[in-house]
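A quick write-up on the structure given underneath.
A quick note: this is a predicted structure, and the numbers were derived from the prediction, not measured.
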Amino acid sequence: ARTISSESSENLVKKNQSAYGNQRTDDVFLEFSIGEVPSDGIMYLPLGWHFSERLSTETIYANNFLSITKNGLSASTFINSYGDRTWSIGISRTLLQGSAIGLEYSVGLMVGYDGRLSEIMPSSLQPLFEGNVNPYLVFFPYYQLTDNIELRGMYGPPNVVLVGVKYTF
């Protein structure tokens with residue numbers, strides 16, 4: 001896992017400034033995001049729950065969320081709460097990193113809800129979720145168990161929580 005230092009933050013600012021100056025950078029899109037590139041790895045979050053439901057063994061779902069992250073790019077798949085396969089692609093970044101705990105986020109696009117997410121979104125956001133291609137933003141708090149294994153959670157607004165592990169390489 002990587003730690004965020006003041007030196008790495010300064011380097012990120014310099015890279016972002018060069019992206020808008022006369023110097024050419026090859027990864028302007030990735031530099032636009034906030035945070036550090038997380039460790040590469042495979043994440044498996046098999047269980048999920050919606051806040052809108054009372055927590056019980058009957059409301060915990062086996063959604064089998066599987067994701068791979070390489071150089072800050074993430075691709076994921078899972079079974080959504082409607083029973084359909086969903087696919088996503090996005091960028092991931094580490095926001096906070098302590099000695100054993102941290103927080104990452106991922107933002108991107110997903111396919112597989114057929115407009116049904118608009119039913120649960122605030123009215124101001126509903127137009128973004130009416131089609132089959134939808135934006136997403138999720139947060140991953142984690143606890144590093146070993147050098148290569150992290151206990152992971154995921155919060156997906158407005159009301160989804162998942163739990164599982166990530167193997168980093």
Side-chain angles (χ1 to χ4, degrees), residues 1-2 27-97 101-145 148-169:
R2 300 175 67 173
D27 52 353
V28 172
F29 174 73
L30 295 178
E31 289 179 3
F32 180 73
S33 61
I34 298 170
E36 295 287 318
V37 174
S39 299
D40 296 340
I42 297 173
M43 186 172 11
Y44 180 58
L45 308 176
L47 301 175
W49 173 66
H50 290 92
F51 288 163
S52 57
E53 299 173 332
R54 185 172 175 223
L55 183 59
S56 73
T57 56
E58 296 165 359
T59 60
I60 295 175
Y61 301 97
N63 57 17
N64 296 312
F65 178 93
L66 183 64
S67 178
I68 186 164
T69 301
K70 180 74 173 157
N71 298 326
L73 297 176
S74 297
S76 306
T77 186
F78 61 96
I79 303 298
N80 66 35
S81 55
Y82 298 101
D84 298 325
R85 172 72 54 193
T86 299
W87 301 90
S88 68
I89 188 163
I91 60 169
S92 296
R93 293 292 181 267
T94 300
L95 285 174
L96 303 169
Q97 174 70 48
I101 62 170
L103 178 65
E104 291 179 9
Y105 74 91
S106 183
V107 61
L109 296 173
M110 63 182 170
V111 176
Y113 277 94
D114 297 321
R116 292 173 287 195
L117 283 178
S118 65
E119 301 165 5
I120 62 168
M121 292 295 166
S123 60
S124 60
L125 296 177
Q126 284 179 353
L128 293 173
F129 297 92
E130 289 174 348
N132 194 34
V133 178
N134 307 125
Y136 76 85
L137 170 65
V138 292
F139 297 93
F140 298 100
Y142 64 91
Y143 178 76
Q144 192 164 357
L145 296 171
N148 297 98
I149 298 177
E150 298 169 352
L151 181 60
R152 286 276 171 146
M154 185 193 92
Y155 168 67
N159 68 353
V160 176
V161 174
L162 305 178
V163 294
V165 296
K166 180 179 179 181
Y167 175 76
T168 61
F169 48 84

Between [X] and [Y], is there a donor-acceptor pair closer than 3.5 Å when you use the side chain of the first and the backbone of the second?
{"X": "K166", "Y": "S39", "answer": "yes"}
{"X": "D40", "Y": "N71", "answer": "yes"}
{"X": "T77", "Y": "T86", "answer": "yes"}

Interatomic spacing from [atom1] in [X] to [atom2] in [Y] - rounded to 0.5 Å:
{"X": "L73", "Y": "S92", "atom1": "CG", "atom2": "OG", "value": "8.0 Å"}
{"X": "L151", "Y": "Q144", "atom1": "CG", "atom2": "CD", "value": "11.5 Å"}
{"X": "Y142", "Y": "L96", "atom1": "OH", "atom2": "CG", "value": "8.5 Å"}

Side-chain donor-acceptor distances from residues 156-163 under 3.5 Å, at least two apart:
residue : atom : partner : partner atom : Å
N159    : ND2  : S52     : OG           : 3.3

Can you see which heavy atom on [X] is nearest to which on [Y], and at what distance?
{"X": "S88", "Y": "Y136", "value": "CB-CE2, 3.7 Å"}
{"X": "F129", "Y": "P135", "value": "CE2-O, 3.4 Å"}
{"X": "S74", "Y": "S67", "value": "CB-OG, 4.3 Å"}
{"X": "L103", "Y": "F139", "value": "CD1-CB, 4.2 Å"}
{"X": "W87", "Y": "R85", "value": "NE1-CG, 3.2 Å"}
{"X": "F140", "Y": "S106", "value": "CE1-CB, 3.9 Å"}

In short, side-chain hydrogen bond (donor to acceptor under 3.5 Å, both in side chains) pairs touching residues 117-134 with sequence neighbours left out are none
Checking side chain to side chain contact (heavy atoms under 4.5 Å, CB included) for the pair Y44/I42: CA distance, chi angles, key distance, verdict? CA-CA 7 Å; Y44 180 58; I42 297 173; 5.8 Å; no
Output a table of donor-acceptor pairs, distance under 3.5 Å, between side-chain atoms of residues 107-116 and any protein atom two or more places apart or on a different chain; print 'none' if there are none.
residue : atom : partner : partner atom : Å
R116    : NE   : Y113    : O            : 2.9
R116    : NH1  : D84     : OD2          : 3.2
R116    : NH2  : D84     : OD2          : 2.4

Side chain to side chain contact (heavy atoms under 4.5 Å, CB included), that's the test. Do L145 and Y143 meet it? Break it down for me. CA-CA 6 Å; L145 296 171; Y143 178 76; 3.5 Å; yes
Heavy-atom check, side chain of Y105 versus side chain of I34, under 4.5 Å: yes
Side chain to side chain contact (heavy atoms under 4.5 Å, CB included) between I79 and Y61: does it pass, once the steps are laid out? CA-CA 9 Å; I79 303 298; Y61 301 97; over 6 Å; no
Is it the case that atom CD1 in I101 sees more than 12 heavy atoms from other parts of the structure closer than 6.0 Å? no
Among R152, M154, E150, find the one that has a side-chain contact (heavy atoms from CB on, under 4.5 Å) with M43. R152
Given side chain to side chain contact (heavy atoms under 4.5 Å, CB included), test E104 with L95 step by step and report yes or no. CA-CA 5 Å; E104 291 179 9; L95 285 174; over 6 Å; no
